[in-house]
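These notes concern the structure reproduced below.
For ligands, and for the atoms within them, numbers begin at 1 and follow the listed sequence. If you're wondering where the values come from, they're calculated on a predicted model, not measured in any experiment.
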Amino acid sequence: VKKIKVATIIGTRPEVIKMAPVIRKLALSERFTSLVCFSGQHRDLANETMQVFAIEPTHNLNLMTPSQGLDALSSLILSHVSNFLGSTQPDLVLVHGDTTTAYMAALASFYAGIPVGHVEAGLRTHNLANPFPEELNRQAIARIARYNFAPTALAKANLVAEGVKESSIYITGNTVVDSMNFLVRTVRSDSKENSDRKKKLKSELGFDYETDSFALLTSHRRESLDGEMEQCFEQVVKLASCHESLRIVFPVHPNPKVQSLALRVFGRNNQVHLIAPLDYVEFLILLDSCEFVITDSGGIQEEAVSLGLHVLVTRDETERPEGLQAGLLRLVGNSGSNLLSAAEAMFDAEARRAKSTFTTGDLRVSPYGDGMAADRILDILIDSRP
Ligand code: UD1
Ligand code: UDP
């Protein structure tokens, strides 16, 4: 039988992490010819992550510029991906989630008449301003996609409510659980490589994360950069001053605006440890050891909940309500206005962690997926032959 030529188009760290299981399986299967086109929307963050999964793009568009604007980035991706599609003529394009790379790659495929499969389809806040521009990106991709791979039943319901054809929607679970399962043995191994990695982490942090408790903080959303992120960081400072023994580890996103703000607010705070972004294995090691998480990240909400951790979500809304239902996510606002009260409620409820159905290590019972998403996606493509 003729092989199906699939082009997976990725550009940022989370797309690499969540497409890695699909890319690895496509490469191993005899039914597919697999192309991997990397837009380069992110450089260091994505390259480091591709190394973790031993992924080498077949095409690298190398498009990142410092402090890139959405207009210039979008037009560059649209035109370069169009050229890529023109020269390679895949049978199907796969995109992930809601980034500028995903939306522009889907649009280029639509213009070229090539069907699109959307992995992580159907996540919604229904508010175009939050997250911006991601909510528009994912809604627009749903108009284009021939295959909508929804991670959960709720995501499917969102698509159905928008009039997306039910025959195009498949519930697969979120591929992030596949990725975590793929790495969990590495993260917890006693190998020499891992103990070297842990030593390096401890010296970077300046304390022993295996014995001393700490919270993990990340922040990067565009819609918060004009003020709310600063207010939120100030709430974090207050939280730290109310709990003198609390350490907070913050791997700072390379976005220059986030970097300068983090330095300004936390630079002299000896409870907040600012460090460079971690590679995915190192990040999972810290996530596996931390007490709780403070984040505006999408992927980290899923990963933390999959490990049974409580998360203070520094956003007004989340497109991942499964973790709210599980009692592990708490929305504290883009400006962190409810951070202190939610933290107190969380500390009171901390005993629940042990009782939670999602115990550390048992990722198969995550509300976001069961670790089989990539297998399902490949099976659907083989059965339906795009
Ligand atoms: C993008 C995605 C967001 C995703 C996030 C993951 C869009 C609109 N946003 O947001 O959905 O949650 O990635 O991190 O697609 N930079 C570097 N090196 C890197 C990466 C970024 O220096 O490896 C700096 C550059 O100056 C770049 C800036 O960060 O211009 C912003 O990157 P960009 O991808 O435009 O936006 P994010 O905020 O990272
Ligand atoms: N991550 C990482 N190193 C870090 C911070 C995050 O590997 O220092 C991973 C994290 O585990 C998650 C992903 O990057 O899988 C999330 O990326 P980000 O928060 O940038 O994007 P989002 O998920 O919000 O789109």
Side-chain angles (χ1 to χ4, degrees), residues 10-20 38-53 62-74 76-77 95-105 120 123 130-138 140-141 174-180 183 187 201 204 216-225 229 249-260 274-288 290 293-307 309 311 313-315 318-320 368:
I10 51 179
T12 65
R13 172 172 64 191
E15 290 166 274
V16 176
I17 290 170
K18 292 170 158 186
M19 283 302 228
F38 173 53
S39 73
Q41 175 176 339
H42 282 177
R43 197 159 39 210
D44 344 72
L45 290 185
N47 282 327
E48 198 173 72
T49 317
M50 288 193 283
Q51 274 173 23
V52 166
F53 289 100
N62 201 17
L63 296 175
M64 194 194 88
T65 57
S67 301
Q68 55 207 356
L70 294 171
D71 46 1
L73 177 66
S74 300
L76 279 172
I77 297 173
V95 299
H96 181 276
D98 51 23
T99 67
T100 299
T101 293
Y103 178 23
M104 288 303 115
E120 199 179 85
L123 275 61
N130 207 338
F132 172 90
E134 289 84 355
E135 179 70 13
L136 174 72
N137 292 350
R138 57 200 178 204
I141 298 170
N174 196 306
T175 53
V176 76
V177 184
D178 304 31
S179 286
M180 292 176 80
L183 291 174
V187 166
L201 259 176
E204 255 168 54
L216 200 49
L217 165 68
T218 78
S219 186
H220 74 280
R221 302 239 76 92
R222 266 177 195 267
E223 66 274 12
S224 301
L225 288 171
M229 193 179 290
V249 174
F250 182 5
V252 186
H253 197 282
N255 186 328
K257 290 187 181 157
V258 181
Q259 296 261 339
S260 64
L274 301 182
I275 55 171
L278 298 163
D279 82 25
Y280 191 43
V281 174
E282 294 167 339
F283 189 80
L284 287 179
I285 288 176
L286 285 192
L287 197 62
D288 208 21
C290 76
V293 176
I294 307 172
T295 193
D296 63 6
S297 162
I300 297 170
Q301 291 177 55
E302 294 155 348
E303 290 160 352
V305 166
S306 300
L307 289 168
L309 288 163
V311 186
V313 182
T314 53
R315 293 183 45 191
T318 180
E319 56 291 279
R320 292 160 165 94
Y368 294 108

Notebook entry, point to check: Run the side-chain contact (heavy atoms from CB on, under 4.5 Å) check on S74 and Y103 step by step: do they pass?
Noted result: CA-CA 9 Å; S74 300; Y103 178 23; over 6 Å; no

Counting each atom of ligand 2 from 1 as listed, which ones have a heavy atom of [X] under 4.0 Å away?
X	answer
E303	10 (C), 11 (O), 12 (C), 15 (O)
P277	8 (O)
G298	22 (P), 23 (O), 24 (O)
R221	24 (O)
Y280	7 (O), 11 (O), 15 (O)

Identity and separation of the nearest protein heavy atom to [atom]:
atom	value
atom 16 (C) of ligand 2	S297 OG, 3.6 Å
atom 13 (C) of ligand 2	I17 CD1, 3.7 Å
atom 25 (O) of ligand 2	P14 CG, 3.4 Å

Parallel under 30°, tilted from 30 to 60°, perpendicular over 60°: which one fits the rings of H42 and H253?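 Rings of H42 and H253: perpendicular, over 60°.
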
- Item | More than 12 heavy atoms from other groups under 6.0 Å of CZ on F53 |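 Counting other residues, nucleotides and ligands, CZ of F53 exceeds 12 neighbours.
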
Present, as a list of atom pairs with distances to 0.1 Å, all nitrogen or oxygen contacts under 3.5 Å between ligand 1 and the protein.
from: ligand 1; atom 1: 9 (N); to: E134; atom 2: OE2; distance (Å): 3.2
from: ligand 1; atom 1: 11 (O); to: E134; atom 2: OE2; distance (Å): 2.6
from: ligand 1; atom 1: 12 (O); to: H220; atom 2: NE2; distance (Å): 2.8
from: ligand 1; atom 1: 12 (O); to: R221; atom 2: NH2; distance (Å): 3.3
from: ligand 1; atom 1: 13 (O); to: H42; atom 2: NE2; distance (Å): 3.1
from: ligand 1; atom 1: 14 (O); to: H253; atom 2: NE2; distance (Å): 3.1
from: ligand 1; atom 1: 15 (O); to: Q41; atom 2: NE2; distance (Å): 2.8
from: ligand 1; atom 1: 15 (O); to: T100; atom 2: N; distance (Å): 2.8
from: ligand 1; atom 1: 15 (O); to: T100; atom 2: OG1; distance (Å): 3.4
from: ligand 1; atom 1: 18 (N); to: D44; atom 2: OD1; distance (Å): 2.6
from: ligand 1; atom 1: 23 (O); to: R43; atom 2: N; distance (Å): 3.0
from: ligand 1; atom 1: 23 (O); to: D44; atom 2: N; distance (Å): 3.1
from: ligand 1; atom 1: 23 (O); to: D44; atom 2: OD1; distance (Å): 2.9
from: ligand 1; atom 1: 23 (O); to: L45; atom 2: N; distance (Å): 2.9
from: ligand 1; atom 1: 26 (O); to: S67; atom 2: N; distance (Å): 2.9
from: ligand 1; atom 1: 30 (O); to: T65; atom 2: O; distance (Å): 2.8
from: ligand 1; atom 1: 30 (O); to: S67; atom 2: N; distance (Å): 2.9
from: ligand 1; atom 1: 30 (O); to: Q68; atom 2: N; distance (Å): 2.8
from: ligand 1; atom 1: 34 (O); to: Q41; atom 2: NE2; distance (Å): 3.0
from: ligand 1; atom 1: 34 (O); to: H42; atom 2: NE2; distance (Å): 3.0
from: ligand 1; atom 1: 34 (O); to: Q68; atom 2: NE2; distance (Å): 3.4
from: ligand 1; atom 1: 35 (O); to: Q68; atom 2: NE2; distance (Å): 2.9
from: ligand 1; atom 1: 35 (O); to: R222; atom 2: NH2; distance (Å): 2.6
from: ligand 1; atom 1: 39 (O); to: H42; atom 2: NE2; distance (Å): 2.9
from: ligand 1; atom 1: 39 (O); to: H253; atom 2: NE2; distance (Å): 3.3

Between the side chain of [X] and the main-chain N/O of [Y], is any donor-acceptor distance below 3.5 Å?
X	Y	result
S179	I17	yes
D288	L284	no
E303	V176	no
D296	H220	yes

Using side-chain hydrogen bond (donor to acceptor under 3.5 Å, both in side chains) as the criterion, list what pairs up with T175, not counting sequence neighbours.
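Applying side-chain hydrogen bond (donor to acceptor under 3.5 Å, both in side chains) to T175 gives none.
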
Got a second to check how far T100's OG1 is from L70's CG, nearest 0.5 Å?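 Here the interatomic distance stands at 5.0 Å.
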
Please report the interatomic distance CZ(R222) to CG(N255), rounded to the nearest 0.5 Å.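 So the CZ of R222 and the CG of N255 are separated by 7.0 Å.
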
**Item:** Worked check of side-chain contact (heavy atoms from CB on, under 4.5 Å) between I141 and D98
**Value:** CA-CA 8 Å; I141 298 170; D98 51 23; 5.9 Å; no

Do any nitrogen or oxygen atoms of [X] lie less than 3.5 angstrom from nitrogen or oxygen atoms of ligand 2?
X	value
P251	no
L278	yes
R13	yes

task = Using heavy-atom distances, let me know which of A304, S219, P254, G299 sits nearest atom 23 (O) of ligand 2.
result =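 Nearest heavy atom to atom 23 (O) of ligand 2 lies in G299.
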
* Would you call R138-E135 a salt bridge at under 4.0 Å N-O? ->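 E135 and R138: salt-bridged.
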
Q: Would you kindly specify which portion of E282 sits under 4.0 Å from ligand 2, judged on non-hydrogen atoms: side chain, backbone, both or neither?
A: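 Neither; no heavy atom under 4.0 Å.
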
